Structures are given as C-alpha cells and as structure tokens.
Amino acid sequence: MERIATIKDMRQCIQKLKRSGKTIGFVPTMGYLHEGHLSLVDEAKKHCDVIIMSIFVNPTQFDPHGDFDSYPRDIKRDEALAESHGTDIIFYPDTKDMYPSEILTWVNVEKITDVLCGARRKGHFRGVTTVVTKLFNIVKPDIAVFGQKDAQQAAVISKMVEDLNMDIEIKLAPIVREADGLAMSSRNVRLSREDRKNAKVLSQSLFMIKEGIAKGEELSGLLKKAKNNILETPGAQLDYLEARSYPNLEAVNTYDGRCLVAIAVFFGDVRLIDNILIENVS
Ligand code: PAF
C-alpha cells in the first residue's frame with residue numbers, strides 16, 4: 001500500500017494512474033477506521049482497479065464547540081486496517097495543505113441541508129460538500145463510495161454531484177452494525193461503558209418502527225412510542241427522530257410505501273446517528 005501525505009504527490013500519482021488507464025475508486029474518511037469504512041473499500045473494489053482512501057479530519061465540518069479536538073485519531077492503526085483490507089493508496093494530507101489560507105469559496109447544497117442534522121449543525125454540510133469537492137478535484141475518482149449510515153450526507157453529496165455535473169459515480173454501501181445493532185461509528189469509542197450498553201436504543205427504536213409499519217401500525221404512534229423509549233433510557237438525550245422522504249428529505253406524516261426514519265441521540269457530548277429506509281414492508 002502506498003502512503004501519500006501531500007496534495008502535490010497525490011496529483012502526480014493520479015496523473016500516472018490515469019495515463020495507464022486505471023479506474024479509480026475513492027473512499028473518503030476521517031479515519032479511526034471500523035468495519036463500516038472497510039465495507040466501503042469492498043464496494044469500491046467491485047468496480048475499480050485502484051482504491052484510494054483519504055484520511056482527513058476536516059475542521060470545516062465540525063461545530064464551533066464540537067468534538068474536532070477529541071475526534072479519535074490513530075493513523076498507524078488506520079494504515080494497518082486499510083492495508084489489510086486491500087486499499088491501494090492512502091492519502092492523508094494535513095490541514096495546512098488542504099486549507100493553506102482562509103477559505104472564501106464554499107460549495108453549498110440548499111434545502112435538503114436545512115433539516116435533520118443540517119438544522120442542528122449549522123455549516124456542517126457546507127464543510128462536508130466543500131471538502132468532498134476538494135478531495136474529488138485532487139483524486140479525480142471514477143466512483144466514490146459513501147455509507148448509508150450518514151443518509152443525509154449521502155443524499156447531499158449525490159445532489160451536489162448531479163447539480164454540478166461532476167463526472168463521478170456515487171455508490172452507497174449499507175450500514176454495518178455491532179452485534180447488538182449499534183451502527184458502527186468512529187465516535188462509539190468515546191462512549192462510557194454504561195452509555196455504550198444503552199446506545200442500542202437507537203437501532204432498537206428504528207427496528208421497532210419498521211416492524212410496526214409492517215404490521216400496519218400508524219407511523220405517528222410508532223414515532224411517539226420510540227421517543228418515549230429514548231426518554232426512558234438512562235443517559236440518552238434525543239436530538240431528533242423523524243420520518244422523511246428519501247432522498248428529498250421532505251417531512252412524512254403517514255407511511256405511503258417508502259420513507260427514511262432518521263435518529264440522532266446524545267450520550268453526554270457524544271452524538272450518535274442512525275437511520276433505516278422502510279420500503280416494501282407491507
Ligand atoms: O463521512 C465522513 O467521514 C466525512 O463527512 C467525509 C465524507 C469524509 C468528509 O469529511
């Protein structure tokens with residue numbers, strides 16, 4: 001596996017790959033890899049000759065008083081995991097290389113960034129779409145793979161690629177879960193033992209809603225029941241639990257054959273998200 005630390009070297013490498021006719025699959029990450037990230041590599045490998053993973057904890061997508069400083073980082077561990085899983089190149093630029101001066105140019109997807117996480121984390125998606133555009137301009141991938149765990153992010157990036165005619169195919173990979181159902185996330189390591197145990201309430205709530213819908217129960221009643229479960233879970237503070245259309249993210253009040261149910265819950269200062277796409281269930 002090749003390790004590339006600067007934009008200049010990455011560009012040279014990409015030129016060579018393009019000249020030799022290789023297709024490039026790209027997996028952008030913020031590191032602290034887990035099975036979820038590695039499943040993105042597996043997906044990319046199905047479609048492309050060379051797999052490039054970026055590891056960059058992007059400051060512009062964190063909330064001003066958010067967890068940028070405490071976001072887990074371990075580049076040695078990430079290198080070993082990425083390599084053992086067949087990644088060909090890791091690209092880990094530093095912040096000065098990615099943001100050498102004050103950034104005045106932003107990529108902003110409207111409307112679908114005003115709800116769910118976007119409503120609570122002002123500027124978050126602007127930071128994501130801007131850094132992803134920068135990374136796309138550097139890596140010039142044929143395909144890029146994102147996780148369905150960040151369903152809103154996946155919708156926002158797909159819309160950006162469509163609206164700006166970016167010549168990149170976006171692939172989405174399913175959520176990877178721990179044995180108790182908790183969606184894998186780099187932030188899970190920051191949970192206390194007690195909170196980690198209780199964090200299964202996110203996926204349990206989503207599965208309960210899906211089962212209820214399959215039995216013909218009312219969406220609004222199921223959402224209420226799930227909110228109560230979360231209220232009763234020690235340490236859990238509900239940020240949102242909402243049903244929305246996907247990928248347009250419009251509010252859904254009654255189940256009509258397809259909807260996304262998305263949830264965000266705080267345990268202390270650790271914010272966990274999860275979602276389920278409910279379709280063809282009844
Ligand atoms: O999903 C993430 O880890 C990040 O938002 C991404 C896409 C790597 C951009 O920093």
Side-chain angles (χ1 to χ4, degrees), residues 4 7 10 24-41 43-44 51-63 66-75 77-78 81-82 85 87 89-95 97-99 103 106-109 112-113 116-118 120-139 141 143-161 164 166 168-176 183-190 247 262 264 270-275:
I4 298 184
I7 296 173
M10 190 72 247
I24 297 172
F26 181 43
V27 177
T29 81
M30 298 205 299
Y32 216 75
L33 302 180
H34 50 68
E35 284 299 319
H37 296 112
L38 300 174
S39 77
L40 307 183
V41 172
E43 180 60 29
I51 308 308
I52 302 179
M53 176 191 282
S54 63
I55 296 177
F56 178 64
V57 185
N58 172 40
T60 64
Q61 71 186 74
F62 282 80
D63 308 334
D67 58 352
F68 175 73
D69 289 331
S70 54
Y71 197 84
R73 295 162 169 88
D74 189 342
I75 186 70
R77 177 180 167 279
D78 286 347
L81 278 172
H85 226 78
T87 306
I89 298 167
I90 57 165
F91 173 48
Y92 51 102
D94 66 19
T95 309
D97 205 10
M98 286 295 283
Y99 296 108
I103 185 161
W106 297 93
V107 179
N108 199 23
V109 175
I112 57 172
T113 56
L116 302 174
C117 289
R120 278 114 190 139
R121 305 185 62 193
K122 293 283 172 220
H124 165 69
F125 284 113
R126 185 183 79 153
V128 170
T129 42
T130 301
V131 81
V132 169
T133 300
K134 285 160 75 70
L135 290 167
F136 283 176
N137 284 337
I138 297 162
V139 174
I143 72 148
V145 190
F146 293 85
Q148 191 64 34
K149 195 203 118 207
D150 291 315
Q152 187 174 16
Q153 170 173 283
V156 167
I157 286 170
S158 299
K159 190 73 181 112
M160 170 186 88
V161 165
L164 298 182
M166 293 180 173
I168 298 166
E169 192 183 337
I170 301 298
K171 298 258 181 217
L172 303 182
I175 298 174
V176 182
M184 293 211 179
S185 162
S186 307
R187 289 187 167 96
N188 292 351
V189 295
R190 297 191 52 235
V270 184
R271 186 172 180 278
L272 302 178
I273 58 169
D274 199 350
N275 69 81

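All values below were derived from every heavy atom in this structure, side-chain atoms included, with hydrogens, water molecules and symmetry-related copies excluded. No experiment lies behind these values; they were computed from the predicted model shown. Each ligand, and each atom within it, is numbered from 1 in the order the structure gives.
Taking the centre and axis of the six-membered ring of Y71, the NZ or CZ atom of R187 falls outside the cone set by 45° and 6.0 Å. Geometric assessment of R73 against the ring of F68 yields a positive cation-pi assignment under the 6.0 Å and 45° thresholds.
Inter-residue side-chain proximity for F91 and L135 is flagged as met; some heavy-atom pair is nearer than 4.5 Å. Looking at heavy atoms from C-beta onward, F56 lies out of side-chain contact with K134 at the 4.5 angstrom threshold.
Every residue two or more places apart in sequence or in another chain that forms a side-chain contact (heavy atoms from CB on, under 4.5 Å) with S158 is listed here: I170.
Nearest protein heavy-atom contact of atom 3 (O) of ligand 1 is M30 CG, 3.6 Å. Closest to atom 9 (C) of ligand 1, if we only count protein heavy atoms, is Q61 OE1, 3.3 Å. Distance from atom 2 (C) of ligand 1 to its nearest protein heavy atom, with residue and atom name: Q153 NE2, 3.9 Å.
Counting the atoms of ligand 1 from 1 in the order shown, those under 4.0 Å from a heavy atom of V131 are 9 (C), 10 (O). Atoms of ligand 1 lying under 4.0 Å from at least one heavy atom of T29, given by number and element, are 8 (C).
Within the 4.0 Å heavy-atom criterion, neither part of L135 lies near ligand 1.
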